Amino acid sequence: MKEQLSQLIQQALDTLVAAGELPGDSRPEINIDRTRDPSHGDLASNIALTLARSAGKKPRDLAAMICAALPEAPFISKTEIAGPGFINFFLSSGSSQAVVQRILEQGGQYGCSDAGGGRRVQVEFVSANPTGPLHVGHGRGAAVGDSICRLLAATGWSVASEFYYNDAGAQISNLALSVQARCRGLGPEDPEWPEDGYRGDYIQDVASAYLAGERIDAEDRHVAGLGDPDDLDAIREFAVAYLRREQDLDLKAFAVHFDQYFLESSLYDSGEVEATVARLIANGHTYEQDGALWLRTTAFGDDKDRVMRKREGGYTYFLPDVAYHFNKWQRGFERVINEQGADHHSTVTRVRAGLQALETAIPEGWPDYVLHQMVTVMRDGSEVKLSKRAGSYVTLRDLIDEVGCDATRYFLVARAPSSQLTFDIDLAMSQSNDNPVYYIQYAHARACSMQRKLAEQGWDWVPQRSLAALERLQEDHEKALLKRLDQYPEVVAGAAAASEPHTIANYLRELAGEFHSWYNAHKVLVEEQELRDARLALGEAVRQVIANGLQLLGVSAPETM
RNA sequence: GGGGGUAUAGCUCAGCUGGAUAGAGCAACGGCCUUCUAAGCCGUAGGUCGAGGGUUCGAGUCCUUCUGCCCCCGCCA
């Protein structure tokens with residue numbers, strides 16, 4: 001619709017140029033916006049305002065000339081010049097009602113596109129190390145990352161989700177030592193407790209399971225406890241599997257799925273880490289200083305050089321990170337999105353610099369990052385400090401159990417990733433009925449309810465028949481809904497392109513609100529068949545779009561509430 | 001000190017890549033269930049968009065300075 005209109009305007013401009021009314025050298029970008037206020041029509045263009053200066057004319061005069069030169073079009077019923085020089089376009093009612101037919105025909109596909117053209121994109125998110133349960137911050141990453149995957153899939157990308165973790169580093173050693181200490185009956189208060197040990201109670205659970213010889217089945221690994229407190233390797237294997245399984249359960253309860261789990265250790269096993277070092281050295285981007293091997297990342301925009309190999313030997317995490325992303329590139333992902341907490345911000349320039357230093361065909365800005373700001377948790381009116389080592393934090397599981405998967409996901413995905421988020425546990429739990437997600441789900445349930453009630457009345461609704469009656473949708477509430485529904489594909493496209501799933505949540509709230517208003521103002525199941533048909537069609541279209549949108553957020557669309 | 005993010009109603013947040021009179025939820029106040037689900041609707045009240053400068057027809061939105069808050073700045077991950 002916008003494209004057709006901008007073509008019309010272009011034709012009008014061409015006409016004016018040909019008539020010598022406009023300078024011919026400029027080919028301005030034609031901007032068309034949806035109007036906020038219905039009295040301004042359906043679409044508006046500021047073209048006269050932007051061209052006024054170069055044309056040497058007053059905006060309103062220019063707008064009048066453009067209107068006069070505008071070719072006739074069946075979908076435009078009226079144009080108006082308003083304000084400082086906007087041109088407002090009123091769509092003919094038939095063209096605005098056609099959206100209902102499109103939605104009913106396309107169903108779950110409405111809003112989808114093939115913009116991605118089947119290209120492969122990888123989204124990496126959560127990527128928590130298996131040293132403890134997932135917390136709220138991971139939950140935000142899971143909700144946002146999974147929604148981005150759904151958005152990309154809906155816009156024609158071939159999406160692969162990935163979870164990366166370290167199963168062999170210093171943190172894992174601390175984990176093993178902590179479990180071992182628990183196996184020996186020690187607690188965090190004991191003097192022999194490991195210096196950087198994990199203090200949380202869950203360590204005791206791991207230890208007990210290990211001693212009991214429990215068998216652990218995680219998504220990507222299986223192991224049985226040996227029960228020997230002296231076998232640190234066995235304890236490590238067991239603890240990692242145990243905590244991976246816990247995370248799997250959290251993610252499953254959160255309706256988040258990963259196509260692949262990728263181990264940092266595999267990069268060592270495969271020789272990719274060594275190969276990466278060799279390549280960086282060969283490219284002349286490294287130097288030795290203080291007994292360590294440095295990469296000159298400052299040559300690629302970093303603010304200081306970074307150590308790759310420590311003085312005592314062994315690599316910093318930075319190197320396997322570069323090897324890992326080179327691995328992604330070699331797997332053929334031309335687009336990679338890393339969803340992480342903003343506390344990892346500093347790795348962005350570092351990883352990109354490392355990739356550039358490899359001197360392959362990797363573009364400078366590759367990969368993409370979506371960084372979500374920190375989640376602050378409030379309980380009893382004060383902030384809960386998150387500390388894995390101290391063991392005091394709110395787990396994702398707690399939230400899912402007490403607030404529910406739908407509400408938790410909605411809450412975590414409904415705000416811009418760049419916005420800090422305060423998760424007030426008391427509010428979310430005690431007033432769960434006031435959570436906005438129910439408002440949207442309720443609209444869906446109401447629409448479903450109309451169909452049920454229809455059958456009880458002995459009436460039927462034939463979609464094909466109702467399409468002929470759409471002209472009957474003339475109420476202001478109905479016009480607003482039609483406009484909103486028409487907007488949905490653009491919202492999806494924009495959310496996918498910008499990796500901003502929260503815009504879907506905002507859109508759904510608006511749509512649900514307009515639906516509720518309409519529902520209260522006008523009865524759908526009226527005696528007169530034609531009007532009833534038309535309103536049922538509109539209701540079904542709204543239901544479909546809400547269902548489609550909630551699916552993108554990973555939130556269920558219940559038929560009853 | 002350096003880098004990134006952020007600042008919008010009492011609180012939590014939107015604001016569609018610069019548009020017309022800045023929006024919603026919660027909290028407050030007043031109405032609406034004999035009628036399709038009241039987890040809803042309608043109305044009232046609430047704002048110098050952190051502060052100053054700049055860019056232009058036009059700024060919450062872009063640039064700049066300052067201030068506050070959050071996060072990073074390790075040969076930890």
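The structure displayed is predicted, hence computed values, not measured ones. Lettering follows sequence order; numbering is per chain, from 1.
When rounded to the nearest whole Å, the span between CZ of A:F411 and C1' of B:C11 equals 12 Å. What separates CZ of A:R140 from C1' of B:C70 is a distance of 12 Å, to the nearest Å. A:Y369 has its OH atom 17 Å from the C1' atom of B:G5, to the nearest Å. For the pair A:D290 CG and B:G74 C1', the computed distance is 14 Å after rounding to whole Å. Summarising the geometry, the separation between CG on A:L371 and P on B:G4 is reported as 13 Å, rounded to the nearest angstrom. Between the CD atom of A:Q373 and the P atom of B:A14 there is a distance of 12 Å, given to the nearest Å. One interatomic measurement links the two molecules: CG of A:L508 to P of B:G23, which rounds to 21 Å at whole-angstrom precision. With rounding to whole Å, A:E514 atom CD is found 16 Å from B:G40 atom P.
Here A:T422 reaches the OP1 or OP2 of B:C13: one of its side-chain N or O atoms lies under 4.0 Å away. Contact check, A:K310 against B:C76: a side-chain N or O comes under 4.0 Å of OP1 or OP2. At B:C41, one or more side-chain N or O atoms of A:Y439 fall inside 4.0 Å of OP1 or OP2 (strictly under the cut-off). Dashed line: the shortest gap from a side-chain N or O of A:K304 to OP1 or OP2 of B:G2 is not under 4.0 Å. Using a 4.0 Å cut-off, some side-chain N or O of A:Y442 falls inside it from OP1 or OP2 of B:A39. A:R446 has a side-chain polar atom (N or O) that falls below the 4.0 Å cut-off from OP1 or OP2 of B:A38.
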ask   = After noting the C-alpha distance and the side-chain angles of A:F163 and A:F262, does the key distance pass the ring pair (Phe, Tyr, Trp, His ring centres under 6.0 Å) rule?
value = CA-CA 6 Å; A:F163 185 119; A:F262 195 103; over 10 Å; no
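The glycosidic torsion of B:C33 lies within 90° of 0, placing the base in the syn range.
In summary, A:E530 and A:R532 do not engage in a salt bridge, as defined by a charged side-chain N under 4.0 Å from a carboxylate O. A salt bridge does not link A:D290 to A:R311: none of the charged side-chain nitrogens sits closer than 4.0 Å to a carboxylate oxygen. Comment: A:D167 does not engage A:R236 in a salt bridge, judged by the lack of any side-chain N to carboxylate O separation of less than 4.0 angstrom. The residues A:E364 and A:R352 are annotated as not salt-bridged, no charged nitrogen and carboxylate oxygen being separated by less than 4.0 angstrom. The existence of a salt bridge linking A:K328 and A:E162 is excluded, since no basic side-chain nitrogen approaches an acidic carboxylate oxygen closer than 4.0 Å.
Residue A:A292 is in base contact, counting any heavy-atom pair closer than 4.0 Å across all strands shown. Across all strands shown, A:R309 has no heavy atoms under 4.0 Å from either base or sugar-phosphate atoms. Using a 4.0 Å heavy-atom cutoff across all strands shown, A:E264 reaches sugar-phosphate atoms only and no base atom. Within 4.0 Å (heavy atoms only), A:A44 reaches at least one base atom of the nucleic acid. A:R311 comes within contact range of at least one nucleobase, with a heavy-atom separation under 4.0 Å. Residue contacts shown for A:M374 are limited to sugar-phosphate atoms, with no base heavy atom under 4.0 Å away. At a threshold of 4.0 angstrom between heavy atoms, the contacts of A:E456 with the nucleic acid are absent. At a threshold of 4.0 angstrom between heavy atoms, the contacts of A:H444 with the nucleic acid are absent.
Among residues two or more places apart in sequence or in another chain, the side chain to side chain donor-acceptor pair (under 3.5 Å) test is passed with A:E478 by A:W518, A:R535. Evaluation of the salt bridge (Lys or Arg N to Asp or Glu O under 4.0 Å) rule for A:E272 yields no partner, not counting sequence neighbours. Not counting sequence neighbours, A:F86 has no partner by the ring pair (Phe, Tyr, Trp, His ring centres under 6.0 Å) test. Listed by chain and number, the residues in a side chain to side chain contact (heavy atoms under 4.5 Å, CB included) with A:N31 are A:D33, A:N46 (sequence neighbours excluded). Checked against salt bridge (Lys or Arg N to Asp or Glu O under 4.0 Å), A:R306 has the following partners two or more places apart in sequence or in another chain: A:D302, A:D303. For A:H502, there are no ring pair (Phe, Tyr, Trp, His ring centres under 6.0 Å) partners at least two apart in sequence or on another chain. A search for side chain to side chain donor-acceptor pair (under 3.5 Å) contacts involving A:T35 returns A:K483, not counting sequence neighbours.
Taking for each of A:W294 and A:T560 the nucleotide of RNA chain B with the nearest heavy atom, the 5'-most of the two is the partner of A:T560. Mapping A:A82 and A:S449 onto RNA chain B by nearest heavy atom places A:A82 at the nucleotide closer to the 5' end.
Stacking between A:H40 and B:A20 is present: the aromatic ring centre lies within less than 5.5 angstrom of the base six-membered ring centre, and the two planes differ by under 30 degrees.
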Just the table, please: protein N/O against nucleotides 6-10 of chain B N/O, every pair under 3.5 Å.
none

Please produce a list of atom pairs where a protein N or O lies less than 3.5 Å from an N or O of nucleotides 15-18 of chain B.
residue	atom	partner	partner atom	Å
B:G15	OP1	A:H502	NE2	3.1

Tabulate protein N/O versus nucleotide N/O from nucleotides 29-35 of chain B, keeping only pairs under 3.5 Å, one per line.
residue	atom	partner	partner atom	Å
B:U35	O2'	A:K523	NZ	3.1

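Here, B:A45 and B:A24 have their P atoms 13 Å apart, quoted to the whole Å. Nucleotides B:A14 and B:G25 have their C1' atoms positioned 10 Å apart, rounded to a whole Å. B:U56 and B:U61 have their P atoms separated by 16 Å, given to the nearest Å. Nucleotides B:G2 and B:U17, compared at atom P, are 33 Å apart to the nearest Å. Nucleotides B:G19 and B:G1 are separated by 41 Å at their C1' atoms, to the nearest Å. When the P atom is used for both B:U35 and B:G50, the distance is 48 Å, rounded to whole Å. Comparing the same atom, P, in B:A7 and in B:C62 gives a spacing of 10 Å after rounding to whole Å. Remark: the separation of the C1' atoms in B:G15 and B:C73 is 33 Å, to the nearest Å.
No donor-acceptor contact under 3.5 Å links the side chain of A:D33 to the base of B:A20. One can find a donor-acceptor pair under 3.5 Å joining the base of B:A77 and the side-chain atoms of A:Y317.
For the pair A:R140 and A:F411, the cation does not sit on the ring face, since its NZ or CZ is not both under 6.0 Å from the ring centre and inside 45° of the axis.
The distance between the ring centers of A:F300 and A:H285 falls below 6.0 angstrom. Between A:Y519 and A:H477, the ring centre distance reaches or exceeds 6.0 Å. With ring centers used as reference points, A:H516 lies under 6.0 Å from A:Y439.
For residues 403-418 of chain A, every residue pair satisfying the salt bridge (Lys or Arg N to Asp or Glu O under 4.0 Å) rule, not counting sequence neighbours, is listed here: A:D146-A:R409.
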ask   = Under a 3.5 Å cutoff on both atom distances, Watson-Crick or G-U, what's the dot-bracket for RNA chain B ([ ] crossing, | other strand)?
value = (((((((..((((.....[...)))).(((((.......))))).....(((((..]....))))))))))))....
